[in-house]
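Notes follow the structure.
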Amino acid sequence: MAASRWIKPEVYPLIAAMTFVTGMCVFQLARSVVMNPDVRINKAHRSQGVLENAEEGEKYAMHSLRKFLHQRPPEIMPTINAFFSNDK
């Protein structure tokens, strides 16, 4: 009952959008802390000046979504682009 007095129905879309964006931020931060090879949490890695982990960095940078997108043409709507560019 008290929440119905505080939160008006017009605010629900804003709350949903802010919750979604906050979730995306938390996901990206957690992904960076857990998987990024440049983040050093344990003392053994922090003591080294430069980590020799080029293959681990490549694996982090070329994740499955990026690999999929590299195989696709860099167009959003290729059919419409071909229609309007006379490349039929």
Side-chain angles (χ1 to χ4, degrees):
M1 299 245 327
S4 65
R5 287 186 293 181
W6 285 38
I7 301 174
K8 296 181 180 180
E10 298 88 23
V11 182
Y12 291 154
L14 180 62
I15 292 173
M18 293 303 296
T19 303
F20 177 73
V21 170
T22 303
M24 286 177 45
C25 290
V26 168
F27 170 75
Q28 182 59 33
L29 287 172
R31 179 179 177 264
S32 292
V33 167
V34 173
M35 298 178 62
N36 193 338
D38 291 335
V39 175
R40 301 173 189 158
I41 296 175
N42 58 5
K43 277 189 173 182
H45 286 150
R46 280 195 313 239
S47 65
Q48 298 175 355
V50 176
L51 292 177
E52 298 296 332
N53 58 353
E55 61 276 345
E56 187 179 357
E58 183 70 24
K59 179 182 169 192
Y60 176 79
M62 292 300 293
H63 48 79
S64 59
L65 177 63
R66 189 169 285 175
K67 285 179 187 176
F68 172 75
L69 292 177
H70 273 292
Q71 297 170 357
R72 308 284 304 161
E75 298 175 319
I76 296 175
M77 298 181 182
T79 308
I80 295 174
N81 290 342
F83 177 77
F84 285 111
S85 67
N86 297 330
D87 290 340
K88 297 174 185 173

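Expressed to the nearest 0.5 Å, how far CG of Leu14 lies from CD1 of Ile7 amounts to 11.0 Å. Here the CG atom belonging to Leu69 is positioned 8.5 Å from the NE2 atom belonging to His63, to the nearest 0.5 angstrom.
Side-chain contact check for His70 versus Met62: some heavy-atom pair is nearer than 4.5 Å.
Placement of Met18 and Tyr12 in two distinct hydrophobic clusters is found when ILVMFWY residues are connected by side-chain heavy-atom separations under 4.5 Å, directly or transitively. Residues Leu29 and Val26 do not share a hydrophobic cluster, clusters being chains of Ile/Leu/Val/Met/Phe/Trp/Tyr side chains in contact below 4.5 Å.
Applying the 6.0 Å contact sphere to CD1 of Ile76 captures no more than 12 heavy atoms from other residues, nucleotides or ligands.
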